[in-house]
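Hydrogens, waters and symmetry mates are skipped; everything else that's a heavy atom, side chains included, is used.
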Amino acid sequence: MENKREIFHVLTRRFGLLDKNCCAVGNFEISIVQSHILYEIDKQFEPSMQQIAESLAMDITTFSRQIQTLVNMELVMKTPSTQDKRVSILSLTVQGKFVATNIDHSMNAYLDEVFSHMNEFERETVIRSLKLLNEAMSNSSVCCKPLF
């Protein structure tokens, strides 16, 4: 029987190296966490701080520090909601959108290169298997809540 933990350990380590190599855009050195925050803000429409923090399963205190860093870097804007002034809405600045788009392109290029070492059947099998695994993890009672 295969050692599933070892497979995931190596996969996670290799994917982490991909993340590490992708996150320098222009003069910006973006951490992996900041990269994930930029990605989630870009993906959602007018998300609140709480929505993004929950999407990333981060506690709000740690998340707030990361957001403040991104605001200071002029990559993210934080504005009060027009419906509830206690809620802050996050959006990317033009510069933030540029950085997020560049990171997205870099990650897709890395993944395209990795998948280029497989034939079409293998690529489809891996993608389908990853979707199945992701769905199983979201349905598991012991894994990864509240991520979806």
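- One hydrophobic cluster, built from ILVMFWY side chains closer than 4.5 Å, cannot hold both Val87 and Ile60; they sit in different ones.
- Residues Glu29 and Met73 come closest through the heavy atom pair O-CE, 4.1 Å.
- At least one donor-acceptor pair closer than 3.5 Å links the side chain of Asn139 to the backbone N or O of Glu135.
- Checking side-chain atoms of Ser140 against main-chain N and O of Ala136 turns up no donor-acceptor pair under 3.5 Å.
- Rounded to the nearest 0.5 angstrom, Tyr39 OH and Gln44 CD are separated by 10.0 Å.
- Within the 4.5 Å cutoff, the side chain of Lys78 has heavy atoms near those of the Gln68 side chain.
- Put simply, the side chain of Val33 reaches to within 4.5 Å of the side chain of Ile37, judged on heavy atoms.
- When atom types are taken as modelled, the side chain of Glu122 and the backbone of Asn119 share a donor-acceptor pair closer than 3.5 angstrom.
- In the model, Thr62 has a side-chain atom that pairs as donor or acceptor with a side-chain atom of Asp59 under 3.5 Å.
- Remark: Thr12 OG1 to Arg5 CZ distance equals 10.5 Å, nearest 0.5 Å.
- Here the side chains of Val76 and Leu38 are in contact, with some heavy-atom distance below 4.5 Å.
- Here the CD atom belonging to Gln34 is positioned 9.0 Å from the CD1 atom belonging to Ile103, to the nearest 0.5 angstrom.
- In this structure, Phe28 is a member of the same hydrophobic cluster as Leu90, with clusters built from ILVMFWY side-chain heavy atoms closer than 4.5 Å.
- By the criterion of side-chain heavy atoms lying less than 4.5 angstrom apart, applied directly or through intervening Ile, Leu, Val, Met, Phe, Trp or Tyr residues, Val126 is grouped together with Met107 in one hydrophobic cluster.
- Checking each of Gln66, Gln51, Glu40 against Leu56 for a side chain to side chain contact (heavy atoms under 4.5 Å, CB included) leaves exactly one that passes, namely Glu40.
- Note: Ile67 CD1 to Ile52 CD1 = 7.5 Å, rounded to the nearest 0.5 Å.
- Ile30 and Met77 fall into different hydrophobic clusters, where Ile, Leu, Val, Met, Phe, Trp and Tyr are joined by side-chain heavy atoms under 4.5 Å apart, directly or via other members.
- Counting heavy atoms of neighbouring residues, nucleotides and ligands inside a 6.0 Å radius, atom CZ of Phe115 exceeds 12 of them.
- Panel note: side chain Thr101, backbone Phe98; no donor-acceptor pair is recorded below 3.5 Å.
- Residues Val114 and Val10 fall into different hydrophobic clusters, defined by Ile, Leu, Val, Met, Phe, Trp and Tyr side chains chained together at heavy-atom separations under 4.5 Å.
- Atom CD of Glu113 is surrounded by more than 12 heavy atoms from other residues, nucleotides or ligands within 6.0 Å.
- When the shell of 6.0 Å around NZ of Lys4 is examined, it contains 12 or fewer heavy atoms from other residues, nucleotides or ligands.
- Proximity of a side-chain donor or acceptor of Thr93 to a complementary backbone N or O of Glu74 within less than 3.5 Å is detected.
- How far CG of Leu11 is from CZ of Arg13: 10.5 Å, rounded to the nearest 0.5 Å.
- One distance of note links NE2 of His36 with NZ of Lys43; it measures 11.5 Å at 0.5 Å rounding.
- Heavy-atom minimum distance, Arg123 versus Ser116: NH1-CA, 4.3 Å.
- Formation of a donor-acceptor pair under 3.5 Å by the Asn108 side chain with backbone atoms of Asp104 is found in this model.
- Of the listed residues (Asp42, Leu75, Asn102, Ile41), just one forms a side chain to side chain contact (heavy atoms under 4.5 Å, CB included) with Lys97, and that residue is Asp42.
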